[in-house]
Protein chains: 2
Amino acid sequence: MSHTLGIRQVQKQKTRQALLDAALGLLEEQSLSSLGLREVTRAVGVAPTAFYRHFRSTADLGVALVEEALGSLHPMIRQTVSPADSDQRIERAVQLIAHHVDAYPAHVRFLARERHGGVQPVREAIREQLARFAEEVKAELAKDPESRGWREDDLLMLAHLYVDQMLVTSSLFLEAQEAPAEERERVTQLATRQMRLISVGRRNWLG
Amino acid sequence: MSHTLGIRQVQKQKTRQALLDAALGLLEEQSLSSLGLREVTRAVGVAPTAFYRHFRSTADLGVALVEEALGSLHPMIRQTVSPADSDQRIERAVQLIAHHVDAYPAHVRFLARERHGGVQPVREAIREQLARFAEEVKAELAKDPESRGWREDDLLMLAHLYVDQMLVTSSLFLEAQEAPAEERERVTQLATRQMRLISVGRRNWLG
DNA sequence: TCATCCAGTTAACAACTGTTCTCCGTAATT
DNA sequence: AATTACGGAGAACAGTTGTTAACTGGATGA
């Protein structure tokens, strides 16, 4: 099934990835709407016109970055939600989020920044992918015996609440990335308690 | 106490406000980090250099916009949280948020966009102001008999949860602003149930 | 009334932007 | 071995950007 790529296509993928990486780096200090095509190609060390061989515009590149960023988030979310949420498992979930932020800080920053950013197609792409994630989380929640008697749309409501909370928490960890361990611990405690409160709400939702 | 301003200072404030308004308008389709000083002055109909009489840079203007935007949010939040959260009062709170988004859509968009945006001083300003809001909400929550036996930091944790939830909800209403009434109703239902779930969590937090 | 102040103007600067067109070298195909 | 396909380079385009400097004219305060 795996078709061997020619030298040419391999090289193309390589520079394409270099463009994505460079863009992600530059986006740590600005928003996508101010990212210039020349800026990106300069960082890669390639001619400005080469950009067009890969992307129609920086907005197009942004959409590609959404796929990449949420691809890395995907397994993390599955792991986080899959077991039921006893207190100790919530703690483990928060640690998982913290670890993910440490592993892919630029991806997390990009998503937080562009989710409400100034480039419409990118916002749309993020919204779409997050909706798919919420559906996935919902399916995972449905397996849980605690979800007996829950309406379908209430499950989805809860799933969105969890997903949003994960993003808020990720963003907090990101801001505290360079901060002293004490501050990071404070964030951990805050996120853990908020998750717990939501879980308490879940357990007492009906009756 | 109110010192009468001279004709000169009045005019200055007027063009300053015109710059802020023009910037807010332009920011509906881009992020602050791509907002040009010339772009703003052009929209106002004033020379580019006049900008410097009011702001050091567009980042500086952004910080001023934060004050303005959160100034309008301030009374809304007070009204939203002040009474205890029985089910019908939550519905009223959600309606209040929806109304605020309709009244100040540009302010809401600006906050959502720049909270995690590419301009550090603006992020900092928003973070600061939101922290103050959370403190205020906490004080309001503390008055509630339901908060008996709650630890101080747990109250602040809950306050942050409410504030974040308000921003998420505001952003949802903003996206659905041009959508059919059916979609807006869907958002209302979602936000109401999420608020309720959090409140259920609150009621069952201890014991 | 007269000197001072100061918000806003005009002009000019080098540096940068996205985009087009033409060209090159080499991998891929025949 | 000959031909085509194509990722990338190079140069040039008009238009934009932030910032500096010197200037104007009307409100301000003595």
Side-chain angles (χ1 to χ4, degrees), chain A residues 2-27 29-65 114 117-122, chain B residues 2-27 29-65 114 117-122:
Chain A
S2 75
H3 184 262
T4 308
L5 296 177
I7 298 179
R8 209 157 206 179
Q9 310 204 34
V10 168
Q11 255 305 328
K12 181 169 186 181
Q13 301 272 15
K14 196 171 285 186
T15 58
R16 185 190 135 100
Q17 191 58 48
L19 288 170
L20 288 171
D21 292 347
L24 205 53
L26 292 166
L27 284 175
E29 293 166 344
Q30 62 183 312
S31 303
L32 183 62
S33 81
S34 64
L35 183 69
L37 140 186
R38 295 185 99 108
E39 200 179 351
V40 178
T41 57
R42 192 187 312 130
V44 174
V46 91
T49 49
F51 186 91
Y52 293 104
R53 303 288 183 195
H54 303 274
F55 308 102
R56 214 178 292 274
S57 63
T58 53
D60 194 24
L61 177 146
V63 172
L65 276 179
E114 301 304 330
V119 183
Q120 200 262 340
V122 172
Chain B
S2 75
H3 183 261
T4 307
L5 295 178
I7 298 180
R8 209 161 207 178
Q9 309 205 35
V10 168
Q11 254 305 329
K12 181 169 185 180
Q13 300 271 16
K14 197 172 283 185
T15 57
R16 186 192 136 100
Q17 190 59 47
L19 289 170
L20 288 171
D21 292 347
L24 204 53
L26 292 166
L27 285 175
E29 294 167 344
Q30 61 183 313
S31 304
L32 183 63
S33 81
S34 64
L35 183 69
L37 136 191
R38 295 185 99 108
E39 200 178 351
V40 178
T41 56
R42 192 186 312 129
V44 174
V46 92
T49 48
F51 186 91
Y52 292 107
R53 301 286 180 197
H54 302 275
F55 308 101
R56 213 178 290 273
S57 64
T58 53
D60 194 24
L61 178 147
V63 172
L65 276 178
E114 301 304 330
V119 183
Q120 200 260 341
V122 172

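Naming: A, B, ... by sequence-line order, numbering from 1 per chain.
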Review point. Given pairs defined as Watson-Crick or G-U wobble with both distances under 3.5 Å, what dot-bracket annotation applies to DNA chain D, with ( ) intrastrand, [ ] crossing, | other strand and . unpaired?
Key: ||||||||||||.||||.||||||||||||
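- Across C:dG8, C:dA12, C:dT9, the shortest atom-to-atom separation from the side chain of B:Arg38 is found for C:dA12.
- A:Glu39 places its CD atom 14 Å from the C1' atom of C:dA15, with the value rounded to the nearest Å.
- We find the CG-CG distance between B:Leu61 and B:Leu37 to be 9.5 Å, quoted to the nearest 0.5 Å.
- Within 4.0 Å of A:Arg16, counting heavy atoms only, lies no atom of the nucleic acid at all.
- Among the atoms of the strands shown, only primed sugar atoms or phosphate atoms (P, OP1, OP2) are found under 4.0 Å from some heavy atom of B:Arg42.
- No engagement by A:Phe51 is indicated, since no non-hydrogen atom pair under 4.0 Å with the nucleic acid exists.
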Just distance, no hydrogens or angles: give the donor-acceptor pairs under 3.5 Å from side chains in residues 15-22 of chain B, sequence neighbours left out.
unit_1, atom_1, unit_2, atom_2, d
B:Thr15, OG1, B:Lys12, O, 3.0
B:Thr15, OG1, B:His54, NE2, 3.3
B:Gln17, NE2, B:Asp21, OD1, 3.0
B:Gln17, NE2, B:Glu68, OE1, 3.0

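- Residues A:Thr41 and A:Pro48 approach most closely at OG1-CA, 3.5 Å, considering heavy atoms.
- Between the side chain of B:Thr49 and the base of C:dT10, at least one donor-acceptor pair of N or O atoms lies under 3.5 Å.
- Residue B:Thr15 places no side-chain N or O under 4.0 Å from the OP1 or OP2 atom of C:dA7.
- Counting non-hydrogen atoms of neighbouring residues, nucleotides and ligands closer than 6.0 angstrom, the CD atom of B:Glu29 reaches no more than 12 such neighbours.
- Counting 5' to 3', DNA chain D first comes under 4.0 angstrom of a heavy atom of chain B and last does so at the ends given by D:dT17 to D:dT28.
- Using a 3.5 Å distance cut-off with no hydrogens or angles, the side chains of B:Ser33 and A:Ser34 do pair a donor with an acceptor.
- As judged by a 4.0 angstrom heavy-atom cut-off over every strand, A:Ser57 is placed among residues making no nucleic acid contact.
- Nearest heavy atoms, B:Ala64 versus B:Phe55: CB-CE2, 3.9 Å.
- Rounded to whole Å, atom P of C:dT17 lies 12 Å from atom OH of A:Tyr52.
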